Amino acid sequence: MFSEVAPNSPLLQNLNPEQLAAVTLPATHALILAGAGSGKTRVLTTRIAWLLQTGQVSPGGILAVTFTNKAAKEMLARLSAMLPVNVRGMWIGTFHGLCNRFLRAHYKLANLPQSFQILDTQDQLSAIKRLCKQFNVDDERFPPKQLAWFIAACKEDGQRAKDVPVRDEEGRKKVEIYALYEEQCQREGVVDFGELMLRSYELLRDNAAVREHYQRRFRHILIDEFQDTNKLQYAWIKMLAGQGPDAAQGASAMPGGSVVAVGDDDQSIYAFRGARVGNMTDFVREFDVTHQIKLERNYRSFGNILDSANELISHNSKRLGKNLRTEAGPGEPVRVYESTSDFAEAQWFVDEVKQLVRDGSARKDIALLYRSNAQSRVMETALFNAGVPYRVYGGLRFFERAEIKHALAYLRLLENPHDDTSFMRVVNFPPRGIGARSIEQLQDIARASGCSLHDGVSAVTGKAGANLGAFVAKLDVLREQTSGLTLREIIELVLQHSGLEEHYKTEKEGQDRLENLAELVNAAESFVSQEGFGRDAVAMPVDELGAGPNSTLTQSPASQGLDPATLLDEPLPELLVPDRDTGETLSPLVAFLTHAALESGDNQAQAGQDAVQLMTVHSSKGLEFDCVFIAGLEEGLFPHENSMSDQGGLEEERRLMYVAITRARKRLYLSHSQTRMLHGQTRYNLKSRFFDELPEAALKWITPRNQGFASGLGTSAGGWNGASNSGAGGGRGDWASSVFASKSGSAERFASPPVPPQRNAPSHGLKSGMEVFHAKFGEGKVLMLEGSGDDARAQINFTRHGVKWLALSVAKLTVV
DNA sequence: TGGGGGCTCGTTTTT
DNA sequence: CGAGCCCCCA
């Protein structure tokens, strides 16, 4: 065991036995099931540090993959804090970042221009729209969004257009468009996110020399958030690890490195975008994984919170199996609140936050989580009115803002005039009299002669030709003027001469945009200095890539406390890729543009302030807060109605809830509302079934009884009163003592195990289709019925008042 | 050409 | 209800 090499290494101190085992695993394939808050990132980084320190591998032999830039950065930061090692030689980054690095190094073999640009989702969509227009695709039958999704899904599955099975005419057309889109991207020298992955994979698959080089190089492959990998990413890893299609052939297979996959099947919440939890079991089977370690000790939350998470997730059937435990004691109960309306819920939330802040909590340690973005509005309004600083995550990020995208488009055209997506974006921005007709004319010419829009301009005649010519001339002049300038100077010049700056100066809402453009200059400046062209994958000199494992150590091994004898410093076999001979480096501009595409930047609104954090449950993954509020826990919202049709969907919702619960360190609040404004209509929601899946003993119901709907519900039918309180609390009428079950009530507490609320046996005698009369809303027709007993509700289409949901225990209805 | 009015649609998202 | 999109009109 290598662990004997450095048994007393300070690195290994304070690790629990499972963590220690994971850190010091032998060089085999292993799966680490890392529960929420179990110190996963620490284990990953410590393992890398330990491997380096014990001389089992040199930095060049490490490949560590994450999903987000944030995770990659954190890993690098922790690592350089642990070891005085140059992180340059290691390949640590996101899947896409590493694929980009790989493709830049082998751009010729990948059949790409060295300065290829990356299309983000917006760019990809506009490229598809342009394509559809050009080929007269009916955008009713084939919405560009759907095509974009289709193409991305194909690529995630590793399928080129020719590989996609065609079943019907519609499928054939989609595949045809996919093929045309690929052609267009290739012609324009751009790649989308999926293409970064797919083309890297194909290059590894098809080029034995390249494949074997990297298989030999990467002795240790570590993957974070493995449950989120898609099919292609898993195939890519298999290829790099020498477990690809040719592995079984024996003789020709190169010895691949060890793969340590870290993940948590209970936190798999991205199936909707192609993630395959099944990769975890596939991995165990296909790599003959013999070492599996569970990290179940949680260092984040108190017992009641963990009990809730454990109990909830135990309702899922497809699990690898894992139970979080803590030594921190039970802590406070999980507080549950039921409100009458979404407004009331928001008001309660704000009041509670104010109280927490008065009691000494920092606002930034308080988070509000919700299932869908639309829920933030009412909460924001309440916070705003109360003057509580808050920050909403999600939304447009820095490099996605229109003015930034415009500036980047000019910059991209300097590097690559054939980037038609960028050309289209700014050909008439700021407005310079080039309208749809001129552009159509140009597109026709370009298509006819198979050239880029830029090259087609010279053939356009008349006034349109003159205007277009002036635009292209301006670009050409800019290109000349900026050659040899620093990145900062290039951007400043472009902002001035493109007319962007002038345009936003005169626009009345332009001040913010001008500030953002100024920020772009800053971003470029700090990219050049801080990222230092090496820490960041994109800017690495090409000749460093693929070099031997020690070539990137800046200090001698001995000076780093490494034992030279144990370093794997034999030179790697020559790799016959032309780019290595040239020693060319990427221009700072290309590097910066790549950085902008791969790292869309923070949404910097109110950053840095001590503000309450608002976000969806999805974007809360990986974060933790002292106090967490999960709001809108209602059937249809959470679990979301669109996910409830199948078992898999419901289980993913449950995992989502599990993620949400496990964000909390000290205090957790759950809330649901009886009514909610949705799509401009008041909806009457049942409380989420997830309440029925939580341990009663860990909960504390804090809703006053009988507050109900007596206070009035505006246009509603009078709504609920306390007695119909969703059956939410037993012990009705006694809320001062207020520690009781969230569901069945004290009378049934010792009865049978939790039973889902009955959803049959209506007692009201209504049926859908019946004509009814309501004192306030008049005549209507029953559309739908839900629930039973006190929870029974009917959806009724009133002739005069439209569709409404009514609580039958309250609404006075008579059958006509 | 571009702004405004009318229309539709409405989970979750990173790269 | 409100955001984003498209089309039409000035």
Side-chain angles (χ1 to χ4, degrees), chain A residues 65-72 93-100 118-125 129 139-140 143-145 149 152 155-156 191-198 200 224-225 228-230 232-233 268-275 342 369-378 381 393-397 399-400 402 428-439 464 467 507 537-538 594-601 603 615-622 632 636-645 649 652-653 655-657 659-660 676-683 802:
Chain A
V65 204
T66 64
F67 269 87
T68 64
N69 291 301
K70 201 175 155 197
T94 63
F95 277 101
H96 294 87
L98 295 176
C99 286
N100 169 65
I118 299 164
L119 299 184
D120 67 14
T121 321
Q122 286 177 45
D123 298 331
Q124 188 194 25
L125 189 64
K129 280 182 182 164
D139 59 0
E140 300 273 286
K145 271 229 179 75
W149 179 84
K155 290 188 178 182
E156 274 166 10
V191 299
D192 60 34
F193 288 128
E195 189 69 24
L196 283 172
M197 282 299 318
L198 183 52
S200 302
D224 194 15
E225 305 279 15
D228 289 339
T229 50
N230 62 36
L232 179 58
Q233 285 158 340
S268 159
I269 56 175
Y270 286 113
F272 72 92
R273 67 173 199 216
D342 48 347
L369 311 184
Y370 35 80
R371 175 64 178 82
S372 68
N373 287 303
Q375 287 169 255
S376 77
R377 173 164 245 101
V378 63
T381 308
Y393 282 74
L396 269 199
R397 274 145 341 149
F399 288 112
E400 293 167 354
N428 195 39
F429 195 93
R432 49 175 70 90
I434 299 173
R437 283 187 44 167
S438 311
I439 290 168
N467 285 342
E507 201 181 58
V538 298
T594 306
H595 167 79
L598 285 180
E599 192 164 346
S600 27
N603 85 335
M615 67 194 83
T616 62
V617 179
H618 280 94
S619 39
S620 76
K621 193 172 153 202
L637 245 192
F638 199 178
H640 197 275
E641 52 194 344
N642 296 1
S643 310
M644 288 195 296
S645 48
E652 181 146 320
E653 294 290 302
R655 291 192 293 269
L656 204 45
M657 181 66 184
V659 167
R676 180 174 299 276
M677 202 61 154
L678 197 67
H679 305 333
Q681 275 200 332
T682 302
R683 297 257 312 232

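Proteins get letters first, then strands, A, B, ... in listed order; numbering begins at 1 in each. Note that the structure is predicted; figures quoted are calculated from it, not measured. The figures that follow rest on heavy atoms only: side chains count, while hydrogens, waters and symmetry mates do not.
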Using a strict cut-off of less than 4.0 Å between a Lys/Arg side-chain nitrogen and an Asp/Glu carboxylate oxygen, indicate whether A:D120 and A:R397 qualify as a salt bridge. no

If you measure from the Lys or Arg side-chain nitrogens to the Asp or Glu carboxylate oxygens, is any gap between A:R371 and A:E653 under 4.0 Å? yes

OP1 or OP2 of [N] sitting under 4.0 Å from any side-chain N/O of [X]?
{"X": "A:N373", "N": "B:dT12", "value": "yes"}
{"X": "A:R397", "N": "B:dT15", "value": "yes"}
{"X": "A:R377", "N": "C:dA3", "value": "yes"}
{"X": "A:S600", "N": "B:dT14", "value": "no"}

When the distance from [atom1] of [X] to [atom2] of [N] is rounded to whole Å, what number comes out?
{"X": "A:E156", "N": "B:dT14", "atom1": "CD", "atom2": "C1'", "result": "10 Å"}
{"X": "A:R432", "N": "B:dG2", "atom1": "CZ", "atom2": "C1'", "result": "16 Å"}
{"X": "A:L369", "N": "B:dT12", "atom1": "CG", "atom2": "C1'", "result": "13 Å"}
{"X": "A:L678", "N": "B:dG10", "atom1": "CG", "atom2": "P", "result": "12 Å"}
{"X": "A:M657", "N": "B:dT11", "atom1": "CE", "atom2": "P", "result": "20 Å"}
{"X": "A:F193", "N": "B:dT15", "atom1": "CZ", "atom2": "P", "result": "8 Å"}
{"X": "A:Q124", "N": "B:dT13", "atom1": "CD", "atom2": "P", "result": "18 Å"}
{"X": "A:H595", "N": "B:dT15", "atom1": "NE2", "atom2": "C1'", "result": "13 Å"}

Given A:K145 and A:L125, is the side chain to side chain contact (heavy atoms under 4.5 Å, CB included) satisfied, shown in steps? CA-CA 7 Å; A:K145 271 229 179 75; A:L125 189 64; 4.1 Å; yes

Among [options], which nucleotide has an atom closest to any side-chain atom of [X]?
{"X": "A:F272", "options": "B:dG2, B:dT14, B:dT13", "answer": "B:dT13"}
{"X": "A:H618", "options": "B:dT15, B:dG2, B:dT12", "answer": "B:dT12"}
{"X": "A:T616", "options": "B:dT15, B:dT13, B:dG2", "answer": "B:dT13"}
{"X": "A:S372", "options": "B:dT11, B:dT15, C:dC1", "answer": "B:dT11"}
{"X": "A:P431", "options": "B:dG2, B:dT13, B:dT11", "answer": "B:dG2"}
{"X": "A:H679", "options": "B:dG10, B:dT15, B:dT13", "answer": "B:dG10"}

Taking C:dG4 as the reference, what is the distance to B:dT13 when you measure between their P atoms (whole Å, please)? 15 Å

Interatomic distance at P, B:dT12 relative to C:dC5, whole Å: 15 Å

Under the side chain to side chain contact (heavy atoms under 4.5 Å, CB included) rule, what do A:T229 and A:F95 come out as? Steps first, then yes or no, please. CA-CA 10 Å; A:T229 50; A:F95 277 101; 3.8 Å; yes

Which part of the nucleic acid, if any, lies within contact of [X], taking any heavy atom under 4.0 Å across all strands shown: a base, the sugar-phosphate backbone alone, or nothing?
{"X": "A:A597", "result": "nothing"}
{"X": "A:G194", "result": "nothing"}
{"X": "A:N69", "result": "sugar-phosphate"}

Of A:Y270 and A:I434, whose nearest nucleotide on DNA chain B comes first from the 5' end?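 Closest to the 5' end, via its nearest nucleotide, is A:I434.
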
Could you pick out which residue, A:S643 or A:R437, lies toward the 5' side of DNA chain B when each is mapped onto its nearest nucleotide? A:R437

Describe, in one word, how the ring planes of A:Y270 and A:H618 are oriented to each other, choosing from parallel (under 30°), tilted (30 to 60°) and perpendicular (over 60°). tilted

After noting the C-alpha distance and the side-chain angles of A:I269 and A:V617, does the key distance pass the side chain to side chain contact (heavy atoms under 4.5 Å, CB included) rule? CA-CA 10 Å; A:I269 56 175; A:V617 179; 5.8 Å; no

